[in-house]
Amino acid sequence: MDVSAIAKAPYFDPLEARDDLKRIATEAGDAGEARPQILSYCKALLKNARAAAEAQLLADGDGRRCASGLSHFTDELVRLIYDYTVAHVYRATNPSDAERMAIVATGGFGRGLLAPGSDIDLLFLLPYKQTPWGESVAEYMLYLLWDLGLKVGHATRTVDQCIKLALSDHTILTALLDQRLIHGDAELHRELETRFWADVVTGAIARQFVEAKMAERDERHRRTGQSRYLVEPNIKDGKGGLRDLHTLHWLSMYLHGEGPSKGLASAGVFTSAEMATFRRCETFLWSVRCHLHFLTGRPEERLTFDLQPIMAERLGYRTHGGLRGVERFMKHYFLVAKEVGNLTTILCSALEMQQLKSAPRFNQILNPVTWVTRRRIRRTTAFRIDNERLNVSDSDVFRRDPVNLIRFFAVAEETGSFFHPSAVRFLRTSLRLIDDDLRNSPEANRIFLDLLTSRNNPEGTLRRMNEAGVLGRFIPEFGRVVSMMQFNMYHHYTVDEHLLRTVGQLSAIEKGQLAKALPLSTEIMRTIQNRRALYVAAFLHDIGKGHFEDHSILGARLARKLCPRFGLSAAETETVGWLIENHLVMSNIAQSRDLADPKTIRDFADVVQSPERLKLLLLLTVADIRAVGPGTWNSWKGQLLRELYWETEPLVAGGHTQVSRRQRITESQSLLRSELVNWPALEVERFIERHYDDYWLKTDTRKQVEHARLIRRAEEQGLRLATSYTSSLFTGITELSILAPNHPRLLALFAGACAASGANIIGAHISTTRDGLALDTFLLQREFPDEMDEARRMAQITRTIERALGGEVRMRELMAKRKPAERRITAFTVEPEAIINNALSDQFSVIEVSGRDRPGLLYELTSTISDLNLDITSAHITTYGEKAVDVFYVTDLTGKKVTSEQRQAAIRERLLGVLSRVPEAA
């Protein structure tokens with residue numbers, strides 16, 4: 001598109017528009033009669049302006065220019081409406097000092113930048129002596145702007161009121177930092193501007209203002225997610241988003257009276273290169289934000305999965321080098337967010353040097369930097385402690401000995417110090433010194449391995465290396481996954497952030513910080529022989545991502561090349577390679593195989609082969625799952641992994657095991673007895689006797705207690721169907737337990753009732769008692785933050801199950817009314833697959849299906865299996881974000897495996913038909 005052919009801001013002729021409005025008012029003869037036409041005229045201006053701004057954005061991709069153009073248009077629109085109002089609606093018949101007004105832009109509008117859906121912040125500034133005229137003009141203008149569909153934040157105040165409120169409220173103070181006269185009485189605005197900068201913006205409260213803005217930033221990050229590497233980021237309020245750049249702007253305005261390009265640059269806080277980075281980041285984020293608002297038609301700030309591919313296409317990203325266009329776009333986004341974080345760090349450091357901000361410390365109270373430590377650091381290293389921050393001794397430190405680029409982080413970890421801004425600059429300008437000579441330096445690799453396997457804070461140190469750009473340069477294989485997102489709903493973070501969090505989870509296990517949640521992992525961590533190999537595997541296990549080859553196999557190959565460089569022995573290198581190649585195996589078997597089937601355990605033992613490898617794989621698996629994101633780990637997964645570990649241990653230990661199967665069953669039953677100590681002993685024993693052995697191995701004590709209470713209530717009240725639930729706001733999971741007489745289609749009925757009630761099933765655990773009861777637990781995605789609302793939803797699901805079980809409603813009719821699939825899910829393509837395997841079990845045929853998840857999928861699958869005259873003995877239901885992976889252990893109606901190839905083909909065809917149905921999007 002020819003950019004020169006696109007209308008320029010303000011996208012209309014203000015003089016011509018004034019003449020048009022005057023003509024409309026004259027022809028109507030009355031302000032009330034003219035208003036509909038005035039509104040229609042202004043709506044046309046707004047529509048044309050937005051169309052021109054979007055055309056410009058699509059043509060040149062300059063988001064800042066788009067935002068500036070929309071602000072310019074809004075300036076002229078406000079001027080037009082004001083002039084019309086005072087000329088034709090509320091004309092001042094006897095103009096005096098009291099009938100004056102200044103219309104002032106504040107906040108983002110004051111900065112001269114507006115996204116299509118941004119709020120328009122207006123201050124109607126009135127003189128000390130007022131008449132009804134001022135309020136009337138402001139009211140008429142506001143109603144007209146609101147009727148145009150604009151979101152207007154407004155205030156009508158005098159100069160005295162503005163000053164008083166700014167002194168008591170940092171939000172108002174911040175908005176007035178960007179005040180800008182749009183129209184009206186310039187002298188009145190000049191009075192506000194003069195008094196504001198003289199009486200409000202003073203050095204006396206500078207520290208207080210800085211601390212308030214930093215606290216506000218921290219709270220904003222807490223609300224939107226602490227990491228800047230969340231894969232569905234909030235581009236405005238998230239960490240590394242536009243609001244962080246706004247914070248830098250506000251601090252510059254307060255401290256220097258000018259924006260960053262002049263204030264922070266002239267004060268020496270930012271170099272010219274850093275200011276160029278600021279402008280580049282700002283332009284990119286404004287481009288994304290404007291596109292997002294245009295695309296959705298609303299002020300959407302969250303870059304959700306369904307929008308990311310469309311955004312990538314609009315911005316011109318294409319598939320290249322193993323990365324899809326959407327992944328390349330999101331990698332660019334995260335690199336920008338990282339740059340914004342670097343700029344924030346530089347400013348914060350400078351403020352601390354000026355004592356305008358409190359300096360953070362990793363361990364300031366427990367391990368202060370004493371004068372002895374300061375002297376030792378100065379004498380024995382190329383660094384020194386300046387104002388509680390680690391600095392370089394001179395500007396040639398890194399050039400003189402490039403190993404200092406790695407050593408710097410070791411000294412920082414030892415002293416618990418943050419970085420001096422000068423050192424950060426020298427680090428970044430010295431990255432070119434990280435070459436093959438440094439990468440192959442035994443000393444540099446020794447230091448790095450010590451940092452990676454540190455018993456102090458390896459995650460924190462590695463993250464600081466990554467933020468500084470050192471880690472990806474020193475280990476190019478890791479550098480390739482820096483800021484790389486995985487376009488799926490399972491992973492919450494970028495690949496590099498996930499790897500660092502995996503190391504952090506291992507460290508937390510080793511320190512005993514997760515002993516209550518992870519008793520087995522905490523215990524065996526103390527007994528492993530290959531600690532270094534485990535930490536290296538945790539750090540490298542996903543570095544093979546972003547290629548066409550299986551990332552586990554490629555990652556293992558890359559690790560076998562890197563480990564000797566790090567200084568690991570041949571045996572350690574092989575252990576790391578094996579762990580990475582098999583890092584998904586234990587999780588997959590635990591969640592999708594019948595652990596009560598001896599062949600499952602034998603097959604897994606053949607993969608593991610030794611007690612040490614079993615321990616290492618368990619620890620890596622737990623750390624990996626927990627590092628995926630909030631809500632990914634739950635007690636069910638922990639119990640399944642523990643069961644798989646204990647079942648496998650005797651086979652790889654030559655029949656010798658610390659705790660036998662019978663001991664674990666006995667211990668599980670004893671724990672239940674201790675929890676139900678106030679129950680009659682006979683009632684407890686009756687509950688214990690009604691369950692098979694595998695129940696005690698795969699169900700934790702908390703859930704056993706819940707089940708016992710559920711069965712007691714059902715018996716006391718004579719209930720044919722009984723339910724109970726627990727819910728966690730933190731994990732976002734509600735666990736619904738259902739008790740009912742068992743029959744072949746019960747699982748399908750339960751799943752259908754949940755889906756018909758709008759519940760999203762993300763996992764299921766089914767079991768039966770010796771006396772013919774089904775005791776199934778469904779893991780549902782929590783829908784409401786409020787406990788009462790969630791309780792009402794669970795009551796509705798229970799009523800639906802009761803009606804379906806009693807034959808009051810037909811399940812297929814209910815399913816026809818279910819809510820459509822979540823729009824985010826429809827953004828993904830998951831190739832449907834149905835596999836029938838007779839080698840995984842000695843007794844059962846194992847059907848494994850996978851495809852894109854949707855409401856009612858489990859019901860459709862289980863109903864289809866029942867329609868095919870197959871009996872489901874056990875089901876293992878798992879979701880990985882948008883991907884459902886369901887495994888069913890089945891027999892035919894005679895209790896035998898399905899061996900006929902023709903029958904297997906028919907089963908596959910029916911199941912693939914279910915998986916291939918396209919869900920209706922919300």
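Sequence positions, counted from 1, serve as the residue numbers for this chain.
Proximity of F305 to V231: side-chain heavy atoms (C-beta onward) are separated by under 4.5 Å at one or more points. Within the 4.5 Å cutoff, the side chain of L148 has heavy atoms near those of the L77 side chain. Using a 4.5 Å heavy-atom cutoff, the side chains of S727 and M794 are not in contact. Annotation: side chain of L641 is in contact with side chain of M586 (closest heavy-atom distance under 4.5 Å). In this structure, the side chains of L911 and I847 come closer than 4.5 Å at one or more pairs of heavy atoms. At a threshold of 4.5 Å between non-hydrogen side-chain atoms, the residues E497 and N466 do not count as touching. Contact check for R302 versus E232: side-chain heavy atoms found under the 4.5 Å cut-off. Residues V849 and F888 have side chains in contact (heavy-atom distance under 4.5 Å, counting atoms from C-beta outward).
H551 and H583 have perpendicular rings, their planes meeting at more than 60° on a 0 to 90° scale where under 30° would count as parallel. Taking the six-membered ring where the residue is Trp, Y317 and F329 present tilted rings, their angle falling between 30° and 60°. Classification of the H498-H541 ring pair by plane angle, with boundaries at 30° and 60°, yields perpendicular.
Among the candidates H547, M330, K545, R328, the single residue satisfying the side-chain contact (heavy atoms from CB on, under 4.5 Å) test with L323 is R328.
Of the possible polar contacts, none joining the K43 side chain to the G149 backbone as a donor-acceptor pair under 3.5 Å is found. Under a 3.5 Å cut-off, the side chain of D853 and the backbone N or O of E882 do not form any donor-acceptor pair. S68 places no side-chain N or O within donor-acceptor distance of the main-chain N or O of R64, the cut-off being under 3.5 Å. Using a distance-only test at 3.5 Å, with no hydrogens or angles considered, no donor-acceptor pair links the side chain of E848 to the main chain of V885. Although no hydrogens or angles enter the test, the distance criterion places a donor-acceptor pair under 3.5 Å between the side chain of S287 and the main chain of G61. A donor-acceptor pair is defined here as one N or O able to donate and one able to accept, closer than 3.5 Å; no such pair exists between the side chain of Q505 and the backbone of I625. Of the possible donor and acceptor atoms, one in the side chain of Q308 sits under 3.5 Å from a partner among the backbone N and O of L303. Under a 3.5 Å cut-off, the side chain of D119 and the backbone N or O of D121 do not form any donor-acceptor pair. Distance alone, capped at 3.5 Å, is enough to place a donor-acceptor pair between the H293 side chain and the G117 backbone. Between the side chain of E327 and the backbone N or O of R324, at least one donor-acceptor pair lies under 3.5 Å.
Of all heavy-atom pairs spanning L620 and A538, the tightest one is CD1-CA, 3.7 Å. Contact detail for G240 and L285: the closest heavy-atom pair is O-CD1, 3.9 Å. Listed here is the closest heavy atom pair of E339 and C281: CB-SG, 3.6 Å. Between K239 and A337 the shortest heavy-atom distance is O-CB, 4.3 Å. When all heavy atoms of A115 and C290 are compared, the closest pair comes out as CA-SG, 4.2 Å. A pairwise comparison of heavy atoms in L857 and A884 identifies CD2-CB, 3.8 Å as the closest pair.
Put simply, OG on S552 and CG on L584 are 4.5 Å apart, with the number rounded to the nearest 0.5 Å. Distance CD/E282 to CG/L242: 7.0 Å, rounded to 0.5 Å. Atoms CG and OH, on L747 and Y859 in that order, are 12.0 Å from each other to the nearest 0.5 Å. A distance of 11.5 Å separates CZ of F750 from OG1 of T862, quoted to the nearest 0.5 Å. Separation of atoms CD1 (I738) and CD1 (I801) is listed at 3.5 Å; rounding is to 0.5 Å. From L779, atom CG reaches atom SG of C754 across 11.0 Å, with rounding to the nearest 0.5 Å.
Under a 4.0 Å N-O distance rule, the pair E219/R222 qualifies as a salt bridge. Under a 4.0 Å N-O distance rule, the pair E783/R792 does not qualify as a salt bridge. Remark: E787 engages R782 in a salt bridge, criterion side-chain N to carboxylate O under 4.0 Å. Using a cutoff of 4.0 Å between basic side-chain nitrogens and carboxylate oxygens, E301 and R289 are scored as salt-bridged.
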Go through Y725 and I797 one step at a time and tell me if the side chain to side chain contact (heavy atoms under 4.5 Å, CB included) criterion holds. CA-CA 11 Å; Y725 79 93; I797 292 173; over 6 Å; no
Go through the steps to decide whether F539 and L471 satisfy the test side chain to side chain contact (heavy atoms under 4.5 Å, CB included), and finish with yes or no. CA-CA 12 Å; F539 173 63; L471 191 55; 4.1 Å; yes
Salt bridge (charged side-chain N to carboxylate O under 4.0 Å, His left out) assessment of E459 paired with R463: CA-CA 6 Å; E459 179 187 2; R463 181 169 286 108; 3.0 Å; yes
Stepwise side chain to side chain contact (heavy atoms under 4.5 Å, CB included) check, L307 with E300: CA-CA 10 Å; L307 298 172; E300 178 61 67; 4.2 Å; yes
The test is side chain to side chain contact (heavy atoms under 4.5 Å, CB included); show your working for L500 and Y493 and say whether it passes. CA-CA 10 Å; L500 301 185; Y493 305 107; over 6 Å; no
Between side-chain atoms of residues 45-54 and protein atoms elsewhere (two or more places apart, or another chain), which donor-acceptor pairs fall under 3.5 Å?
unit_1: N48; atom_1: ND2; unit_2: A44; atom_2: O; d: 3.2
unit_1: R50; atom_1: NH2; unit_2: P116; atom_2: O; d: 3.0
unit_1: E54; atom_1: OE2; unit_2: R314; atom_2: NH2; d: 3.0

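Counting only N and O atoms by type, the side chains of E790 and T734 include a donor and acceptor under 3.5 Å apart.
By the neighbour-count criterion of 12 heavy atoms within 6.0 Å, atom CD of E313 is sparsely surrounded, having that number or fewer from other residues, nucleotides or ligands.
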